[in-house]
Structures are given as structure tokens and as C-alpha cells.
Undergrad: 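Encoded as C-alpha cells, here's the structure I'll be asking about.
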Amino acid sequence: MTYEAIRAAKTAIATATGRDRHRVAIVLGSGLSGYAAGLPGAIEVPYADIVGFPVPKVEGHSGSLFSAELDDDPVMVLAGRVHAYEGWDLAEVVFAVRTAVASGCSRIVLTNAAGGLGDGMKAGDLVLISDHLNLTARNPLMGPNDDRLGPRFPDMSEVYSKELRDRARRAGDEVNVSLGEGVYAWFLGPSYESPAEVQMAKRMGSDLVGMSTVPEAIAARHMGSQVLGISLVTNLAAGISPTPLSHEEVTATADQARGRFTRLIDALLPQLTAD
Ligand code: 8IG
């Protein structure tokens, strides 16, 4: 079923955008989806118009795909994502990313807002994800495997492409945006971690905590796409931060980082459409 559903969504995107292939997709995390509005000449397709796409219910806007051409290379921007904590199945959580890969995106950029706990990290930092910890005991590949999508036991030794991280670093250098690097731990949420859970995640080797990205990265790797992960640290994790976490802090940091994020992605996309 998933395979046919992905094909149907892919056809809907091709029809609505007039482009039957895209090269690169970028998923915009919370507070970052405004990036799409700044894309000149982009074609917007609401998720509700793409058969099979889950439509986010919570945030102010319900999610749209934007299709734009950068030097003749079609790029897909996914503004809005759904999370497991909203009650979506992981098959639904990864559906848009799977459709992007099926539509030709051999490189997927996953962005998110996250909590920071690595030494020296502070709110506002942009961090390249070097690896992840799946602390949810869930996996989007559970269930029967469809060999047309990928192998039963996909290798995860380089989920977040070293090559793409190097390209991101070069893009950052071009536009004076410094980038950290760290391991992202996936928690289900929606409550933030307790301080003890943050200490656990830290001792286990993580620098970032968040509620997204990992299932999408696993599904994209399953289908053979390269993945780049970028976190915006919008808050220090519980117990690291001297103050309680609030969604307002998260939004305020995202607002403050928007300019740097936009500059980075503008410099990065041409690096990613190039061979
Ligand atoms: I924004 O501190 C954001 N998302 N799990 N923990 C987790 N997710 C987050 C956090 C955080 N901040």
C-alpha cells in the first residue's frame, strides 16, 4: 500500500508543479518554515492537495510543499511536518520524505528546532547533525518490508552524509554562519525531558534532543538518499538551562536566528544541486 500511495503522491506533485523530478528536498522545522515564502517564483502546493500527505493540525498553518528552480535544478521545500507525538503513525510521519525521494530527491535536508546539551552550546547555535540516538524504541521501518523501497536491514553507519556536512560547512563559511556539530537524540515528546533524562542522553553521547528528524532520516536512508541534518538550538535542555523551558523561548530564538538560517540555506542549496 505505501508504495502505491507514494507513487500517487508523486504523480500529484508532478501534476501540480509541472515538474516530474526534483533534485533536492529540504524539510523546514518549527519556526523555520517562513524560509519557503522567500523563494522567488516558487509554486505552492498545500499538503491537503497531495493525496496521502498527512496534514499538520496543530500549528497556525497546515503545511505546504513549495517547488522552485535554482539554476534550472528543481528543489522541493517541505514547510511543515507531522510528529509522532501528535499521534501519527511513523509511516505517516515519513510519508512526505519518502515521496520526495521517490520524486528524484537523492539529497534530503532535514532541519529542526532542538534542545541543546552539548558542552558550550547556547540558544541560537546552528548545529550539523553527525549521528543520532533513537531513544523511542520505535522505528519507521517496523512491519513488512517493501523491497521496492529499500532493504529489510538497511545500513546506518553514515546516516548523515559526511560529504554533505562538508558542503554545508563550506556554505556556512561563504556567508559567515558558523556551524557546530553534534549527535541528536530522538525523544517522542511532547513533554520535554526531565533533567535526569537530559543527563542520561548526555552520558549516552548526545548533544541535542528533539522530537523529529530521526524517523525521516531512517526512511530516507532506507531508500538510498543522502541526508543532511541541521538543528537550530532554540533552548538549552532541561536542567542545563537555568530557567524552565517555554514554547515562547523557542519561538523567540527561532525569530532571532532566522536571518542566519536563511543565509545558510541560500548558500547551501546550490552546493547540493551540484554533483
Ligand atoms: I525546540 O529541549 C525543542 N524541541 N525533546 N527537547 C526535545 N525537543 C525539543 C526541545 C527540547 N526543544
Side-chain angles (χ1 to χ4, degrees), residues 26-35 56-61 63 78-88 90 93-94 109-140 160 179-218 229-262 264-265:
I26 174 165
V27 178
L28 300 173
S30 39
L32 303 171
S33 51
Y35 176 79
K57 314 163 228 201
V58 278
E59 286 163 61
H61 45 85
L78 296 164
R81 58 149 66 91
V82 298
H83 301 84
Y85 64 72
E86 295 164 84
W88 299 94
L90 291 182
V93 168
V94 304
V109 184
L110 301 172
T111 71
N112 61 58
L117 50 101
D119 291 334
M121 258 180 201
K122 52 190 193 317
D125 285 356
L126 284 164
V127 181
L128 299 175
I129 301 176
S130 57
D131 204 346
H132 69 228
L133 290 174
N134 179 356
L135 300 182
T136 67
R138 296 214 209 167
N139 192 297
Y160 306 90
L179 294 167
E181 188 155 315
V183 173
Y184 177 101
W186 176 33
F187 282 83
L188 273 183
S191 54
Y192 293 123
E193 297 70 33
S194 68
E197 287 163 347
V198 170
Q199 286 308 312
M200 173 191 77
K202 189 169 172 117
R203 288 172 198 213
M204 285 175 152
S206 65
D207 306 288
L208 302 156
V209 281
M211 306 173 194
S212 68
T213 301
V214 169
E216 294 151 305
I218 291 171
I230 307 174
S231 288
L232 168 64
V233 176
T234 47
N235 59 279
L236 290 179
I240 309 254
S241 168
T243 56
L245 276 54
S246 74
H247 191 64
E248 288 64 40
E249 175 192 13
V250 166
T251 334
T253 309
D255 287 345
Q256 170 259 315
R258 189 154 295 128
R260 266 181 303 130
F261 180 77
T262 300
L264 174 69
I265 303 303

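Start at 1 and go down the list; that is how both ligands and their atoms are numbered. The figures that follow rest on heavy atoms only: side chains count, while hydrogens, waters and symmetry mates do not.
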Undergrad: Check whether any side-chain heavy atom of T262 sits under 4.5 Å from a side-chain heavy atom of Y35, and report yes or no.
TA: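 The answer is yes; the side chains approach within 4.5 Å.
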Undergrad: Among all protein non-hydrogen atoms, which one is nearest to atom 8 (N) of ligand 1, and what is the separation to 0.1 Å?
TA: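 Nearest protein contact, heavy atoms only, for atom 8 (N) of ligand 1 is G210 CA, 3.3 Å.
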Undergrad: Residue-level breakdown please: for V209 versus ligand 1, do any non-hydrogen atoms fall below 4.0 Å on the side chain, on the backbone, on both, or on neither?
TA: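 Within the 4.0 Å criterion, V209 contacts ligand 1 through backbone and side-chain atoms alike.
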Undergrad: Counting C-beta onward and ignoring hydrogens, is there a side-chain heavy-atom pair between L126 and I230 closer than 4.5 Å?
TA: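 Of all side-chain heavy-atom pairs linking I230 with L126, at least one is under 4.5 Å.
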Undergrad: Give yes if a backbone or side-chain nitrogen or oxygen of N235 is under 3.5 Å from a nitrogen or oxygen of ligand 1, and no if not.
TA: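 The answer is yes, given that N235 and ligand 1 share an N or O pair closer than 3.5 Å.
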Undergrad: Any idea which part of N112 is under 4.0 Å from ligand 1, heavy-atom wise: side chain, backbone, both or neither?
TA: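 Looking at N112 and ligand 1, no heavy atom falls under 4.0 Å.
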Undergrad: Is there a side-chain contact between N112 and I129 in this structure, where contact means two heavy atoms from C-beta onward sitting under 4.5 Å apart?
TA: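 The answer is yes; the side chains approach within 4.5 Å.
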Undergrad: Which is it for A238 and ligand 1 at heavy atoms under 4.0 Å: side chain, backbone, both or neither?
TA: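 The answer is neither; A238 stays 4.0 Å or more away.
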Undergrad: Below 4.0 Å from ligand 1: does a non-hydrogen atom of G189 turn up there or not?
TA: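 Checking ligand 1 against G189, which is what was asked, there is no heavy-atom contact under 4.0 Å.
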Undergrad: List the closest protein heavy-atom neighbour of atom 1 (I) of ligand 1: residue, atom name, distance to the nearest 0.1 Å.
TA: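 Looking at atom 1 (I) of ligand 1, the protein heavy atom closest to it is T234 OG1, 2.9 Å.
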Undergrad: Can you sort out which atoms of ligand 1 are near V250, meaning under 4.0 Å from one of its heavy atoms?
TA: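 So the atoms of ligand 1 that pass are 1 (I).
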Undergrad: Just to confirm my output: which protein heavy-atom neighbour is closest to atom 4 (N) of ligand 1, and how far is it?
TA: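 For this ligand atom, the closest protein heavy atom is A113 O, 3.7 Å.
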Undergrad: A side-chain contact here means heavy atoms from C-beta on lying under 4.5 Å apart; do L208 and V183 qualify?
TA: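 The answer is no, as the side chains (C-beta and beyond) never meet within the 4.5 Å cut-off.
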Undergrad: Within a strict 4.5 Å, meaning less than it, do heavy atoms of the H247 and T251 side chains meet?
TA: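 Contact flag for H247/T251 side chains = yes.
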Undergrad: In the protein, which heavy atom is nearest to atom 5 (N) of ligand 1, and how far is it?
TA: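 Heavy-atom neighbour on the protein nearest atom 5 (N) of ligand 1: E193 OE2, 2.4 Å.
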Undergrad: Would you check if M204 and L135 make a side-chain contact, meaning some heavy-atom pair closer than 4.5 Å?
TA: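 When only atoms from C-beta onward are counted, L135 and M204 do touch, with a gap below 4.5 Å.
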Undergrad: How far is atom 11 (C) of ligand 1 from its nearest protein heavy atom, and which residue and atom name does that atom have?
TA: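 The closest heavy atom on the protein side is Y192 CD2, 3.5 Å.
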Undergrad: Taking the side chain as everything from C-beta on, heavy atoms only, tell me whether L179 gets closer than 4.5 Å to R260.
TA: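 SC-SC contact between L179 and R260 ruled out.
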Undergrad: Which ligand 1 atoms, with their elements, are less than 4.0 angstrom from a heavy-atom of L245?
TA: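 In order of number, 2 (O).
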Undergrad: With a 4.5 Å cut-off on side-chain heavy atoms, are S212 and Y184 touching?
TA: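 Yes; the side chains approach each other to less than 4.5 Å.
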